[in-house]
Structures are given as C-alpha cells and as structure tokens.
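We use all heavy atoms of the structure for the numbers below, so side chains are in, but hydrogens, waters and symmetry mates are not. Order of the sequence lines sets the chain letters (A, B, ...), proteins ahead of strands, with each chain counted from 1.
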Number of protein chains: 4
Amino acid sequence: MQAKSGSPEQMTFTEQARRAQIIEAAVEVIAEVGSAGASFARIAERAGLSSTGLITYHFANRQDLIDSIVREVMTAFAGHVGPLVAAAPTPAAALDAFIGANVDFIRSHRRHLLAVLDIAAGSRDTGDGASASAAVARADLDALQELLERGQAQGEFRAFDPRSVAIAIRSLRDGILGALTVDPDLDLDAYGSELRTVVRLMTAVPPYAQGETS
Amino acid sequence: MQAKSGSPEQMTFTEQARRAQIIEAAVEVIAEVGSAGASFARIAERAGLSSTGLITYHFANRQDLIDSIVREVMTAFAGHVGPLVAAAPTPAAALDAFIGANVDFIRSHRRHLLAVLDIAAGSRDTGDGASASAAVARADLDALQELLERGQAQGEFRAFDPRSVAIAIRSLRDGILGALTVDPDLDLDAYGSELRTVVRLMTAVPPYAQGETS
Amino acid sequence: MQAKSGSPEQMTFTEQARRAQIIEAAVEVIAEVGSAGASFARIAERAGLSSTGLITYHFANRQDLIDSIVREVMTAFAGHVGPLVAAAPTPAAALDAFIGANVDFIRSHRRHLLAVLDIAAGSRDTGDGASASAAVARADLDALQELLERGQAQGEFRAFDPRSVAIAIRSLRDGILGALTVDPDLDLDAYGSELRTVVRLMTAVPPYAQGETS
Amino acid sequence: MQAKSGSPEQMTFTEQARRAQIIEAAVEVIAEVGSAGASFARIAERAGLSSTGLITYHFANRQDLIDSIVREVMTAFAGHVGPLVAAAPTPAAALDAFIGANVDFIRSHRRHLLAVLDIAAGSRDTGDGASASAAVARADLDALQELLERGQAQGEFRAFDPRSVAIAIRSLRDGILGALTVDPDLDLDAYGSELRTVVRLMTAVPPYAQGETS
DNA sequence: CATGAATGAGCATTCATTCAT
DNA sequence: AATGAATGAATGCTCATTCAT
C-alpha cells in the first residue's frame with residue numbers, strides 16, 4: 001500500500017520513473033532554497049504533481065526522500081569519478097584525476113551537489129549517526145586516505161599525516177561549491193587548474209628540502 | 001517599545017545580559033540542530049526562559065537574532081585573529097599566523113563557528129545578497145586575497161591567482177569545522193600543524209624557482 | 001497544491017461545499033464578535049472543523065476568506081435587489097423598490113450584512129484602497145447616484161445634489177443594521193415602511209412646485 | 001497603586017494630564033488604524049511614552065481606556081450640541097440646529113468621532129450589554145425621539161413613528177462619518193446643507209397633502 | 001510616578017503525513 | 001497508481017497585563 005524502499009528491481013517502470021521525477025524536482029528546489037525551505041508543497045509544484053500525497057506515496061517519509069537523493073547523486077558521482085581515478089597509472093596521477101573529475105562533475109551537476117552539500121550540512125544530531133550522507137562522506141574520505149597512503153608507500157608523496165591531508169583535500173573539493181554559491185560566475189576551469197597545482201604542491205616530495213633537512 | 005537594535009551603549013545592563021544569554025543559548029542550539037531546527041521554543045528552553053515571547057522582546061525578529069549572533073561571533077573572531085595576523089612581520093608569517101589563530105579560535109569557539117557556518121550556508125535565496133553573514137564572508141575573503149597579493153609583491157609567495165588561492169585557503173579553514181562535525185575526536189593540534197605545512201607548501205616559492213631568480 | 005481561488009467551476013463539489021460551510025460559519029462569528037474578534041480558531045470551532053488548518057487549506061489567506069465572504073454576500077445582495085430595481089417602471093418606483101428590497105434582504109440576511117458591514121468598517125489604512133468591500137461600496141453608491149440623476153432628468157425628483165442624496169440614502173440603508181444591532185426587536189416592517197415614506201418625501205418634487213410647472 | 005477610575009476630583013493634576021495625553025494619542029491611532037489595530041504599543045509610541053506599562057498604570061485595562069475615550073468625546077459632543085439645540089425656539093428649529101451642530105462638531109472633531117464610531121461598531125457581544133458607547137447611543141436616540149414627539153405635539157412635524165424617524169435621523173448623522181472615511185474630500189458644507197433640507201422635508205407637515213387626505 | 005523587563009495566551013500560517021476513494 | 005481532502009503539531013510573532021524597582 002505504501003512507499004517501498006526496496007531494491008529497484010522490485011519496482012515497476014512507472015514507479016521508478018515517478019521516483020526519479022520527484023528526486024529531480026527535489027534536487028532543483030533544494031539547490032535553490034535549501035533543504036530547510038524545500039517543502040513537499042514546493043517540490044510537488046516543481047514536479048508538476050497534483051498533490052504532496054504523491055511524494056509520501058512513493059517515499060516512506062521525508063528522510064527517505066532525502067536519503068534517496070543523496071544515494072542517487074553519490075552513485076552518479078562515484079560512477080564518474082571512480083573509473084577516472086582507477087584508470088590513473090600512479091597515485092599522484094590518480095589524485096590529479098580525482099581533482100579534475102570532481103571539478104568536471106561539479107560543473108555538470110552543480111545543483112545536484114549543492115543539494116547534497118546542503119543536506120549534509122543539515123544532517124546532524126539525528127541520533128542514529130548513520131544518515132545516508134554521513135556514511136557516504138566517511139567512505140569517500142577513507143578512499144582518499146587510502147590513495148594517499150599508497151602514494152606515500154610508493155614514494156610519490158611526502159611524509160604527512162594521511163588522514164589530515166585527506167581531510168584537507170576534501171575541504172578543498174567541498175569548498176568549490178561554497179565558492180560557486182557565493183560567486184556563481186567563478187571561472188571553474190581556472191580554479192580547477194589552480195586547485196590541481198595546489199594539491200600537487202602540498203603532497204609532492206620537496207625536491208631539495210628532502211635532502212636539506214636530512 | 002521593544003527590541004532596540006541600537007548600539008550597546010544605549011542598552012541597560014539587564015538588556016545586554018539577557019541578549020547575551022539568548023545569543024549563547026541560540027548558538028548552542030544552532031550548533032546542535034542547525035539554524036533551521038533552532039526554533040524559538042528550543043532556544044527559550046535551552047536558555048531557561050519562560051516563553052519565546054522574551055526572545056521577541058529582546059530581538060525584533062528571528063533575522064535580528066541571527067544577525068546578532070553572526071555579528072557577535074565575527075567580532076570576537078576578528079578580535080582574536082586580526083591582531084595576531086597584523087603583528088606578523090611578513091606576509092608568509094601572517095598567513096601562518098592566520099591558520100594558527102583560526103585553529104585556536106575554532107578550538108575555543110567550536111559551537112559558535114559551527115553556528116555561524118550553518119547560518120551562512122542557509123542564507124541563500126534572500127536576493128538582497130546583503131545578509132550579515134554574506135557581507136562578513138566577502139570581507140574576510142578580500143582581506144585574505146590582499147594578504148596573498150602583498151606576499152607575491154614581496155616575492156615571498158609563488159605566482160598564483162590570488163583569488164583562487166584565497167578561496168582554497170578559506171576552504172581549508174572552513175573544512176576544519178566540517179571535519180570536527182563528522183569526527184569530534186579529531187586531533188586539532190595535529191591537524192592544525194599539518195594545515196600550516198600544507199598552506200606553506202602551496203604558497204611558497206618553489207626552491208628551484210627561488211634559486212633561478214636569485 | 002492548496003487554496004485555489006479559481007472560478008467555482010474549477011472546484012470539486014466537496015471543495016465548494018466546504019468553502020460554503022466555512023464562509024457561513026465565518027459570517028456568523030463575524031456578525032457576533034466582529035471581524036477583529038473572528039479568529040480562525042473561533043470560526044473552525046463554529047464550523048465544527050477539527051483544526052484551523054482546514055481553513056487555510058481552502059482559503060489562501062485570512063484576506064482571501066474575508067474577500068470571499070464579501071463577494072458571496074454582495075453577489076446574493078445584487079441578485080435580490082438588482083432585478084427588483086430594474087423591473088420598476090420609473091426612477092421613483094425604482095428607488096422605492098430599492099428601499100423595500102434592501103429591507104427584505106436585511107431581514108433574511110441580517111448576519112451576512114452585519115458581517116460585511118463590519119468588514120467594510122475595518123478595511124481602512126490598507127492604502128491600496130481596493131479591498132473587495134471598498135470597491136463594492138463605491139459601485140453601489142455610483143449606481144444609486146445614477147438612479148437619482150435619471151429621476152431628476154425625468155422630472156420625478158426635485159433639484160438636489162445627487163451625490164449628497166445618494167450618500168444620505170445609503171446612510172439610511174446602512175443605519176438599519178446599526179439599529180438592529182442596538183435593538184434586535186426593532187419592527188422591521190414598520191421601520192421599512194417609514195423609511196420608504198421618508199425617502200419619498202426627501203426626493204419628491206414639492207407639490208406647489210409640481211403645480212407651478214404643470 | 002493602580003489605575004483609579006474614580007471621579008476626576010480624586011486625581012492629581014499630573015494624573016489628569018497623563019490620562020488626557022494617552023486618550024488623545026489613542027484617539028489618533030484608533031481613527032487611523034481602527035480599534036482592533038490600536039495596540040497599546042502603537043498608542044504608547046504615538047504618545048511618546050516609554051512603555052505600555054504606563055497605559056495600564058493609568059487605566060485599569062483596555063476596556064477602561066476605551067470607555068474613557070467614549071466618555072470624553074461624548075461629553076464634549078454633548079457640550080457642543082446640547083446648548084445649541086436647547087437654545088432653539090421651536091422643535092423644528094432645534095432639529096435644524098441639531099443637524100448643523102453635528103456637522104460642525106464632526107468638522108472640528110473628525111478623528112475623535114471616527115474613533116468613537118469605530119469603537120461603537122466593534123462593541124458587541126460583551127454580555128453586560130452596557131458598554132459605555134451603547135449606553136450613550138441609547139440616551140442620544142431617546143433625546144432625539146423626545147424632540148420629535150414634542151414637535152408633533154406642537155403640530156410642527158407630520159405624523160410619523162417617532163422612534164423610526166429618530167433612528168433615520170441618527171443614521172443620516174452617523175453616515176456623515178462613513179462618507180468622510182470613504183471620501184475625505186467631501187464638501188461638508190454642501191453635504192450639511194443638503195442634509196438639513198432632507199431632514200426638513202422628511203419631518204415637515206406637507207402643505208397640501210394634509211388637506212387632501214382629510 | 002514611572003520604567004522596562006517579563007509573562008503566557010493567542011494569532012495566522014506552514015508543514016509532513018494519513019487516508020478514503 | 002494517483003488524488004485531494006483532512007489532520008494536528010509546530011512556527012514566529014503580537015499583545016495586554018503584571019510587577020519589582
């Protein structure tokens with residue numbers, strides 16, 4: 001009778017299409033007015049639905065909708081960034097590809113990421129500690145840290161605390177969206193290339209310093 | 001008859017104390033459940049007030065309360081970071097001091113900054129673009145950019161786009177709070193010192209370049 | 001998603017019925033305690049609704065509800081008075097029919113008119129001057145003035161300032177409600193017939209004048 | 001300790017002055033935004049008081065303030081109209097003086113009367129049935145009726161139901177304020193003189209009709 | 001006499017959610 | 001599968017009134 005959260009295979013085609021339509025509308029609304037301002041009424045209006053009841057019909061509740069958005073966007077994100085990073089020959093190249101792929105994805109999915117970022121910012125205190133966005137964020141950070149450790153093991157990266165630098169790199173990535181919000185005309189190409197330089201400099205083994213300090 | 005927003009000198013002692021008490025309670029609540037979830041009811045409860053009416057009595061508006069929080073925190077922030085940065089002999093030292101002072105302030109005012117960051121994240125779509133937090137954020141970024149340009153002029157920093165790197169550094173600073181939210185046990189000392197290294201590496205004139213130009 | 005103000009044809013049967021029910025309850029409450037005292041809570045209670053939310057569900061606004069009441073009552077009023085006035089053979093007969101029809105309508109719709117009068121009295125200071133009730137009142141007065149001018153052109157009415165006498169007649173009509181409020185046991189039949197005499201006397205061509213011109 | 005409603009003799013000079021000042025401010029505010037919109041905050045602001053507490057200090061409660069306004073204005077009204085009516089040699093002259101004095105008083109005390117009219121319109125349902133304004137209105141009407149009866153006894157007025165015509169005349173008088181509200185530029189002189197004519201015509205003994213019907 | 005801080009009831013409105021159809 | 005009517009809790013805010021000073 002009600003909102004199945006089961007795997008997609010159990011859904012009819014119509015069901016899947018409706019869910020996608022609602023998620024897309026919700027992403028747009030959240031990107032525009034924030035998660036807090038994205039009422040079911042506004043989302044339904046944007047999606048051209050006749051009633052907010054349809055949202056509750058397809059999603060168990062608000063949290064389910066929000067989680068679905070995060071899952072959807074992060075899946076697409078992983079599908080874009082993952083292969084490019086995996087294809088890189090060395091950890092340094094992978095890190096460079098990671099920044100580039102992130103910038104690319106942000107360019108093409110700005111609203112989706114703004115929405116997810118807004119959701120992540122607002123998901124505190126839920127008690128269960130395992131909101132979809134928090135879990136995804138943690139996994140993301142772990143992967144980055146592992147990449148850094150591999151690079152250190154192979155001598156491509158200088159000696160740093162991998163957790164700290166992973167956090168720093170994630171901060172830089174997330175900061176792009178913040179910058180875009182404040183200044184929508186930001187030149188993403190220029191900023192992205194500066195970011196690649198910055199990340200290279202902060203991770204690279206210093207050419208002389210290495211010898212000098214030893 | 002109500003809620004004067006006049007300068008603090010025009011306020012009675014009681015008025016100032018109550019406002020401070022309410023602001024403190026609001027900061028705690030916002031840091032915990034976000035600005036959107038920080039209802040007057042919750043703030044009043046936290047502050048031990050008998051009713052939400054007292055909040056409206058001391059602040060004209062919800063917006064007035066929010067703006068007051070931002071003003072209060074940013075004033076304290078500027079009071080801590082500003083002098084330390086100003087006292088530094090060179091731009092590079094100033095940048096290092098900036099990171100250090102930020103980490104210090106975040107350590108001692110975590111909830112205050114979480115609150116302000118949450119407010120800033122949620123202040124979109126207002127249109128006028130002149131919400132208290134947006135203005136403060138812009139001024140902050142401009143100051144950082146100017147510092148970088150001075151350092152470049154004095155040959156302390158490598159050639160980079162000052163705006164981009166200013167944004168990057170701000171991203172790193174703001175990211176601390178995000179990291180603290182996800183992982184409250186983060187070792188701030190360790191992360192702060194890694195951050196200082198990272199910022200030095202990303203701005204410093206590369207050793208070989210240094211040699212070439214000398 | 002909510003509170004359509006569209007034409008009645010676009011409404012479902014249920015919608016129309018609920019709106020009518022709420023309007024009827026609101027009229028009763030306003031007639032009793034005035035527009036200012038007619039809170040949604042009181043109206044909902046009178047209508048037997050479970051919550052004030054249902055009022056906001058069917059009407060966009062308090063203003064929308066108030067305007068709907070005025071529109072509804074004035075439409076019924078025009079539907080009763082208009083044809084009777086239009087059917088009269090001469091302006092004098094029309095004026096007589098106007099008074100009679102007004103008294104009739106007041107008798108059968110006392111509370112409705114009390115409500116509308118109260119709304120009209122309270123709709124000041126809005127500035128735009130185009131509240132539903134103000135517009136209706138002006139149109140009403142204009143029609144009355146035009147009737148008087150026609151009567152003067154046909155020699156049925158004495159020479160008077162048509163605007164002034166229109167205002168006077170409207171004052172007499174509106175005064176009925178005031179009198180009914182103060183003294184609910186007022187004999188409307190007696191008062192109505194006296195009013196018809198009074199209006200005839202104040203507009204008729206004086207007998208001697210009549211004789212002179214014949 | 002608190003708001004005495006006792007006779008003026010028991011009040012100090014300051015007390016009297018403060019009450020007058022508050023009443024005057026309240027009259028202005030009520031005339032502008034209506035009784036419902038005239039909050040203590042607005043009245044205190046208009047009167048230049050530092051707190052609404054001062055109003056409650058001088059008046060027992062809102063009803064006391066409202067009643068005081070009505071009493072004050074109606075006393076002034078009676079002081080102006082009464083003597084002029086009493087000085088007239090005949091009932092017909094008294095009635096004519098009554099209309100003239102009313103128009104005069106309205107001209108010089110427009111806001112005061114608008115305030116009282118608004119108060120009267122909103123004073124329903126109080127239960128005790130004896131709100132200050134209702135009592136005053138009744139006394140006013142009784143006096144008018146008595147005047148009409150005297151005129152009939154002396155053969156100056158035609159045979160009509162004195163109560164009905166008294167109500168009609170009061171309606172005409174009260175209507176002036178309504179007209180002034182809708183159209184502030186109304187020519188009071190012209191309207192007043194038309195009103196005198198109208199009242200004469202509706203009360204006078206018809207020159208021929210009298211003979212014809214007998 | 002006067003002040004201003006405090007109180008708590010009441011307001012219109014928004015909202016996610018339920019449910020009969 | 002979808003609709004739209006209904007619910008009731010929650011929100012920011014206004015208000016008359018109280019009271020210690």
Side-chain angles (χ1 to χ4, degrees), chain A residues 1-3 12 14-15 17-18 36-44 49-63 65, chain B residues 1-4 11-15 17-18 36-44 49-65, chain C residues 1-4 11-15 17-18 36-44 49-65, chain D residues 1-3 12 14-15 18 36-44 49-65:
Chain A
M1 219 82 23
Q2 208 159 323
T12 67
T14 331
E15 168 89 5
R18 266 273 184 262
S39 69
F40 276 21
R42 260 199 270 255
I43 293 169
L49 309 178
S50 57
S51 149
T52 64
L54 196 57
I55 299 178
T56 317
Y57 178 74
H58 285 286
F59 298 89
N61 49 35
R62 181 166 236 274
Q63 197 54 51
L65 169 60
Chain B
M1 231 56 28
Q2 226 159 306
K4 324 87 193 156
M11 294 183 198
T12 63
F13 173 74
T14 325
E15 169 90 6
R18 263 279 185 262
S39 69
F40 276 20
R42 261 198 268 255
I43 294 169
L49 309 178
S50 60
S51 93
T52 66
L54 196 54
I55 300 178
T56 315
Y57 177 73
H58 287 284
F59 297 89
N61 256 332
R62 175 167 239 273
Q63 196 56 50
D64 184 28
L65 169 60
Chain C
M1 233 54 31
Q2 226 161 306
K4 323 89 192 154
M11 294 184 199
T12 64
F13 173 73
T14 325
E15 169 91 5
R18 264 276 185 264
S39 68
F40 276 22
R42 261 198 268 253
I43 295 169
L49 309 179
S50 59
S51 92
T52 67
L54 195 55
I55 300 178
T56 315
Y57 177 72
H58 288 285
F59 297 88
N61 256 333
R62 176 166 239 274
Q63 196 55 51
D64 184 28
L65 170 60
Chain D
M1 222 81 22
Q2 209 158 323
T12 67
T14 330
E15 169 89 6
R18 266 272 184 264
S39 68
F40 276 22
R42 260 197 270 254
I43 294 169
L49 309 177
S50 55
S51 146
T52 64
L54 196 56
I55 299 177
T56 317
Y57 178 73
H58 287 285
F59 298 88
N61 49 38
R62 183 169 235 274
Q63 196 55 50
D64 183 28
L65 169 60

D/His58 side chain near E/dA2 phosphate (N/O to OP1/OP2, under 4.0 Å)
yes
The answer to which of D/Ser39 and C/Arg18 contacts DNA chain F further toward the 5' end, by nearest nucleotide, is C/Arg18
Contact class for D/Thr14 vs. all strands (heavy atom < 4.0 Å): base, sugar-phosphate, or nothing?
sugar-phosphate
Tightest non-hydrogen contact, residues D/Leu65 and D/Phe40, listed as CD2-CE1, 4.1 Å
Can you pull out how bent the helix from E/dA2-F/dT21 to E/dT21-F/dA2 is, comparing the axes over its first five and last five pairs, to 10°?
20°
At under 4.0 Å, does any side-chain N or O of B/Asn61 touch on OP1 or OP2 of F/dC13?
yes
Let me spell it out: for each of B/Ser50 and A/Arg62, pick the nucleotide of DNA chain E with the closest heavy atom. Which residue's pick is nearer the 5' end?
B/Ser50
Residue pair C/Ala36 / D/Ala36: nearest heavy atoms and the distance that separates them
CB-CB, 3.3 Å
Nucleotide of F/dA5, F/dT14, E/dA6 approaching C/Thr12 most closely (side-chain heavy atoms)
F/dA5
With distance as the sole criterion, do the side chain of D/Tyr57 and the base of E/dA2 form a donor-acceptor contact below 3.5 Å?
no
Whole-Å gap separating P (E/dT3) and CG (D/Leu49)
7 Å
By nearest nucleotide on DNA chain E, pick out whichever of C/Phe40 and B/Gly53 is the more 5' one.
B/Gly53
Using a cut-off of 4.0 Å on non-hydrogen atoms, how would the nucleic acid contact of C/Ser51 be classed: base, sugar-phosphate, or nothing?
base
Closest approach of D/Ala38 and D/Ile43, non-hydrogen atoms and distance?
O-CD1, 3.8 Å
Map D/Arg42 and B/Ala41 onto DNA chain F by nearest heavy atom, then report which one ends up closer to the 5' terminus.
B/Ala41
